[in-house]
Asker: 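This is the structure, below, for whatever I ask next.
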Amino acid sequence: LGVKCYPRVKDIPGEVDLAVILVPPASSIGLVRECTEKGIRAIIVVGQGLADGDDEGSRLQREIIRVANDGGARVLGPNTFGAGNAFRNFNSAFVPMDMHRIPIGVICQTGMFMSGLPDFPMVGKGIDLGNTGDIDFSDGLEYFEDDPEVKVILMYIEGINDGRRFLNVARRVAHKKPIIALKGGRSEGTAHVTRSHTGNLAGRDEVYAAVFKQCGVIQANGEEEFNDLSKAFINLPLMRGRDVGIITITGGGGILAADACYRHGLRLAELSPESIERMKAIAPEWQSFANPADIWPPSRIAGHPLGEVLHTAIDSMLADSNIDGLLVIMPGTTPTDVEADPPDAHMSLIGTLVEAFKLTQRYDKPAVLWCYGTDTAATVSLIEKSGRILYYPTMDRAANVLARLNERYQFLNCRDDG
């Protein structure tokens, strides 16, 4: 195919940084030995059927690791896609990866997360540990610990070999950057499935939960939350307290949002007199302002432009020292509304949202958005391009993100904002 090849590893001229071995398990040992004799210190063993197979496979895996370590090499895998690095345009996997230069480092025991989730390409840099025969989660955490291109570390875990080392390393790294973990094999009935996938024992769920909490790792309860938190921690500031402001154009939505906040341990903030006065200045005389703040009457009854009302409400609440984070509820818009050319920031709902949410940078507070209606796709597509606005498809997921941002803040500041 026009690619220069060599019959043996030792025939390759010059130094070799990495060996990727894609042969049947029984043939891997000899190749690993050849690699160490060549001076190769990094080896990826792709093949399956080792510890993820039968007893003989487990024996072969131990022998592969022994030969590599005796020769001064480390092994990633077996049973792995290997490693990917979008910042260096590198991918060792035998399938294409949808990698992007985003500040996320993924450490996982499956190739699935190397490809990302449906609406979020997770991998800026990725390490698929596979069976964790040698390189494990602690090694991965140390690799990303001081990497300036990685702001958030994601882990998909089926089993951990050295719990004490993991606890010490994870606690240290978690003080430097957020670590989000998704644990597989949490139910009693899935232990045998986990063992057949990577050869790891799943372990008791409550033990892992306690370890994660002790070392500051944020545990996601499913791939949906894994996705939500990944986007939040690379885009939003932490939430310093639990007091939330809610801005809504529908009264019922505000009540449901308040319920969602309380379910996640958050509180409705008491608006300051200054915030109330600013809102009353644009409201009908009969409206008394509180939290949640209903902006329908100021716009549709008092006659103020929706953009002006929305901007005033967001600015007032973000400036309010009683408020730590914001949840905004707005309707989705039709494609014709969204694609107006040029969009007027005071007439277009999208432009208004983008301009108003830029205020979060000034006040360093997180704000999340929920849209209602049957046609929200166009709205969501445009607003998320701003980077400072994150949309969540349910109010419960939006409130949960704010709660987790506060959880991280509490860990870093060693206090419980009761």
Side-chain angles (χ1 to χ4, degrees), residues 117-120 224-225 227-228 231-232 235-236 244-261 263-264 266 268 279 282-284 287 289 291-315 317-318 325-360 366-402:
L117 291 177
D119 64 340
F120 185 51
E224 183 179 89
E225 189 179 22
N227 183 70
D228 290 352
K231 290 194 289 186
N235 287 293
L236 299 178
V244 179
I246 299 173
I247 297 172
T248 179
I249 200 168
T250 164
I255 294 171
L256 292 173
D259 286 338
C261 287
R263 278 197 300 274
H264 291 282
L266 303 173
L268 289 187
M279 293 301 297
I282 58 173
Q287 185 179 13
F289 258 96
N291 185 23
D294 187 352
I295 61 173
W296 176 269
S299 175
R300 294 300 181 246
I301 296 176
H304 295 282
L306 178 57
E308 175 190 328
V309 175
L310 183 60
H311 193 281
T312 299
I314 290 179
D315 192 22
M317 285 204 175
L318 288 174
L326 203 58
L327 198 163
V328 179
I329 301 171
M330 295 297 293
T333 57
T334 64
T336 53
D337 294 331
V338 173
E339 295 167 3
D341 186 24
D344 186 329
H346 295 286
M347 298 297 292
S348 163
L349 180 59
I350 301 301
T352 298
L353 278 170
V354 171
E355 289 304 311
F357 268 70
K358 287 181 180 179
L359 296 168
T360 59
V368 292
L369 175 71
W370 179 71
C371 293
Y372 63 91
T374 58
D375 187 12
T376 62
T379 302
V380 171
S381 175
L382 288 182
I383 62 176
E384 287 209 326
K385 290 178 180 178
S386 73
R388 297 292 294 191
I389 311 178
L390 288 190
Y391 160 83
Y392 290 97
T394 70
M395 284 182 279
D396 199 74
R397 288 167 66 177
N400 178 61
V401 161
L402 295 178

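FYI, side chains are in, hydrogens and waters are out, and symmetry mates aren't considered; it's all heavy atoms of this structure. From a predicted model like this one, the values you see are computed outputs, not experimental measurements.
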Asker: Short question: side chain of D315, backbone of H311 - any donor-acceptor pair under 3.5 Å?
Answerer: no
Asker: For P305 versus S299, what's the shortest heavy-atom pair and its separation?
Answerer: C-OG, 4.3 Å
Asker: Under the side-chain contact (heavy atoms from CB on, under 4.5 Å) rule, collect the residues that match up with A257, sequence neighbours excluded.
Answerer: I246, L327, I329, M395
Asker: Between the main-chain N or O of P393 and the side-chain N or O of W370, is there a donor-acceptor pair closer than 3.5 Å?
Answerer: yes
Asker: Considering only heavy atoms from C-beta outward, does the side chain of L402 approach that of Y392 to under 4.5 Å?
Answerer: no
Asker: Which residues pass the salt bridge (Lys or Arg N to Asp or Glu O under 4.0 Å) test with R263, sequence neighbours left out?
Answerer: D396
Asker: Between L268 and P292, is there a side-chain heavy-atom distance shorter than 4.5 Å?
Answerer: yes
Asker: Is there side-chain contact between L236 and T360, with at least one heavy-atom pair below 4.5 Å?
Answerer: no
Asker: Using the rule given for side chain to side chain contact (heavy atoms under 4.5 Å, CB included), can you reason through M317 versus N291, listing the C-alpha separation, both sets of side-chain angles and the distance that settles it, and then say yes or no?
Answerer: CA-CA 10 Å; M317 285 204 175; N291 185 23; 4.0 Å; yes
Asker: I301: what forms a side-chain contact (heavy atoms from CB on, under 4.5 Å) with it, not counting sequence neighbours?
Answerer: P284, W286, P297
Asker: Hey, does the side chain of Q287 reach the backbone of M279 with a donor-acceptor pair shorter than 3.5 angstrom?
Answerer: no
Asker: Where is the tightest heavy-atom contact between F357 and V328, given as atom of each residue plus distance?
Answerer: CZ-CG2, 3.7 Å
Asker: Side-chain contact, heavy-atom cut-off 4.5 Å: L306 with M330?
Answerer: yes
Asker: If you round to the nearest 0.5 Å, how far is CG of L256 from OG1 of T248?
Answerer: 9.0 Å
